[in-house]
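The shown structure was predicted, so the numbers you read here are calculated from the model rather than taken from an experiment.
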Amino acid sequence: PGARDQDGLGLFMLAPDGAWTFAGKACASGSYAINTTQPTHYAILRDTKAPAVTMTTVLDANKPLRTEQPELTGTVSDGTGVNATSLRAILDSVELPMTTVGANGPQVAFRFVPPFPLVSGEHTFAVRATDLTGNTVTTPAQTFAIDAPLKIMEIQTFPNPARRFAKVRIAVNRRDLSGDLVDVTIYDVSGARVGTLADINPVFEQSTGGQRYLYDIPWDLTNGDGNAVANGVYLLRIRLHDPLDPEKTTKITHKVAVLR
């Protein structure tokens, strides 16, 4: 009586083989109740050992994965029994539900697939699990790496029309786009070259909907000689090279109106 689940206490039954097996946990009042038709011994015991987590998938930061949504699997074991509903994945410090989990038992298998594509680079993964008496374990975070081909999620130019400045924003799945992999050339509507843009730096963005790196490339509305361009429509021709295969390129053209 008075026992609380978080204390690790539970009602255990003496099995025919002489082992104590978990039979139930305390009610909200702290009392225990059980229905049985066979006489045996019961005892309120404290389980002080947290579950053990074993990863089946080998994670090695020095061996990058080529898929953006890797399948991570493993098992959770505990003599008292694992509370399957307690299993959680911790991806990049964010707690997420497991994709699939087995039923309560001394060993529960789990499978986790990120609900969104991961950006290239290093990530961390950990598992949190609780046994039937309330003992919880959170595994140390394991580092793994993703190295996937360049994927362009968004390219936009703003503000449009531009009065003082404009920016080209490129959202991709990699953080290693450098100046020699991104070409932005500006032309006027007659086809005359106005200038080029540079100065790119990645900013990581994560939300419940996914991950991406944002690259903002500024244009101060001047030409290659540093003079302000006239009002009118300009074409920004953007070419991106894949860091894994620089010969593979993506081209897109945006129109920007300059109106001071």
Inset, instruction - Give me the one residue out of V76, N104, N135 that meets side-chain contact (heavy atoms from CB on, under 4.5 Å) with N83. - result: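 Exactly one candidate clears the test, N104.
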Legend entry - R169 and E154 ion-paired at < 4.0 Å: no
Inset, instruction - Drop me the distance from N173's CG to S120's OG, to the nearest 0.5 angstrom. - result: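 It comes to 5.0 Å.
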For a quick test of reading the model, state the closest non-hydrogen atom pair linking [X] to [Y] and the distance between them.
{"X": "A129", "Y": "L87", "answer": "CB-CD1, 3.9 Å"}
{"X": "R128", "Y": "T138", "answer": "NE-OG1, 3.0 Å"}
{"X": "K167", "Y": "P218", "answer": "CG-CA, 4.2 Å"}
{"X": "A89", "Y": "F125", "answer": "CB-CE1, 3.6 Å"}
{"X": "R237", "Y": "T253", "answer": "CG-OG1, 3.6 Å"}

Inset, instruction - Return yes if some donor-acceptor pair links the side-chain N/O of D47 with the main-chain N/O of G10 below 3.5 Å, else return no. - result: no
Inset, instruction - Check whether any side-chain N or O of T139 sits under 3.5 Å from a backbone N or O of A126 as a donor-acceptor pair, and report yes or no. - result: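 Checked: no pair found.
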Inset, instruction - Could you pull out all residues at least two apart from H123 that satisfy ring pair (Phe, Tyr, Trp, His ring centres under 6.0 Å)? - result: F144
Inset, instruction - Could you label the plane-to-plane angle of the Y213 and F204 rings as parallel, tilted or perpendicular, counting under 30° as parallel and over 60° as perpendicular? - result: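 Answer is tilted, since the angle falls between 30° and 60°.
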Inset, instruction - Flag the pair Y32 / Y42 as yes when their ring centroid distance falls below 6.0 Å, and as no otherwise. - result: no
Inset, instruction - Under 4.5 Å between side-chain heavy atoms, chaining through other members, with only Ile, Leu, Val, Met, Phe, Trp and Tyr counted: pull out the rest of the cluster around V113, sorted by chain and number. - result: none
Inset, instruction - Determine whether the side chains of T80 and D131 contain a donor N or O and an acceptor N or O closer than 3.5 Å. - result: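 No, no side-chain donor-acceptor contact under 3.5 Å.
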Legend entry - T73-R111 side chain donor-acceptor pair, cut-off 3.5 Å: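 No - no donor-acceptor pair under 3.5 Å links their side chains.
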Inset, instruction - Say whether V137 and L91 are linked into one hydrophobic cluster, either directly or through other cluster members, by side-chain heavy-atom distances under 4.5 angstrom. - result: yes
Inset, instruction - Check the hydrophobic clustering (I, L, V, M, F, W, Y; side-chain heavy atoms under 4.5 Å; chains of links allowed) and say if V53 and L59 are grouped together. - result: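 Result: yes, single cluster for both.
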